[in-house]
Amino acid sequence: MNIEKWLKLNTTSLKGKIVAVTGSTGGLGTELCIYLAKLGANLILVDRNLQKSQNFAFILKEKFGVGVDFITADLADFNSVKTATEELKKRHIDI
């Protein structure tokens, strides 16, 4: 069985769900966001580079019509992580 067929058989819609993803502007995080957007999830991008997050958010909104927001966080900086955590706590997040 190929991966596309497996995914189609083993995933469900995420329409209306809000998913927070760290590292969304590179590598696996980018691919995960694209896949989640295909399933209809609204996304919160948690990344250290605000400009990259904004650019990626624009692409996701245009291509998939999902809601996208972002929070800036440098996971190597404790204060940045603390601030991002406080912001995430204020929001309803499903995944």
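It should be emphasised that the depicted structure is a prediction, and the values quoted were computed from it without experimental measurement.
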(message) Using a 6.0 Å cut-off, check whether atom CG of L9 has over 12 heavy atoms from anything other than its own residue.
(response) yes
(request) For K17, enumerate each residue passing the side-chain contact (heavy atoms from CB on, under 4.5 Å) test, keeping only those at least two apart in sequence or located in another chain. (result) L14, D94
For residues 40-47, run the donor-acceptor check on the side chains, cut-off 3.5 Å, and write out each pair with its distance to 0.1 Å, sequence neighbours left out.
residue : atom : partner : partner atom : Å
N42     : OD1  : G67     : N            : 2.7
D47     : OD1  : G23     : N            : 3.3
D47     : OD1  : S24     : N            : 2.8
D47     : OD1  : T25     : N            : 3.4
D47     : OD2  : S24     : OG           : 2.4
D47     : OD2  : S53     : OG           : 3.3

(request) With rounding to the nearest 0.5 Å, note down the distance linking CD in Q54 to CD1 in I59. (result) 12.5 Å
(message) According to a hydrophobic-cluster definition based on side-chain heavy atoms being under 4.5 Å apart (Ile, Leu, Val, Met, Phe, Trp, Tyr only), do V21 and I34 belong together?
(response) yes
(request) Only counting residues at least two apart or in another chain, list the ones meeting side chain to side chain donor-acceptor pair (under 3.5 Å) with N49. (result) none
(message) Assigning hydrophobic clusters by single linkage (Ile, Leu, Val, Met, Phe, Trp, Tyr; side-chain heavy-atom cutoff under 4.5 Å), is F70 placed with L60?
(response) yes
(request) Indicate if V19 and F56 have the same hydrophobic cluster label, given that clusters are the connected sets of ILVMFWY residues with side-chain heavy-atom separations under 4.5 angstrom. (result) yes
(request) Decide yes or no for L39 and F64: does some side-chain heavy atom of the first lie under 4.5 Å from some side-chain heavy atom of the second? (result) no
(request) For T22, check side chain to side chain donor-acceptor pair (under 3.5 Å) against everything at least two apart and list the hits. (result) none
(message) More than 12 heavy atoms of other residues, nucleotides or ligands under 6.0 Å from OH of Y35: yes or no?
(response) yes
(message) When you group the ILVMFWY residues by side-chain heavy-atom contacts below 4.5 Å and let the links chain together, are I95 and V66 in the same group?
(response) yes
For residues 72-82, which side-chain N or O atoms pair as donor and acceptor with protein atoms under 3.5 Å away, sequence neighbours left out?
residue : atom : partner : partner atom : Å
D74     : OD1  : A76     : N            : 3.0
D77     : OD1  : N79     : N            : 3.1
S80     : OG   : D74     : N            : 2.7

(request) Could you pull out all residues at least two apart from E87 that satisfy side chain to side chain donor-acceptor pair (under 3.5 Å)? (result) R91
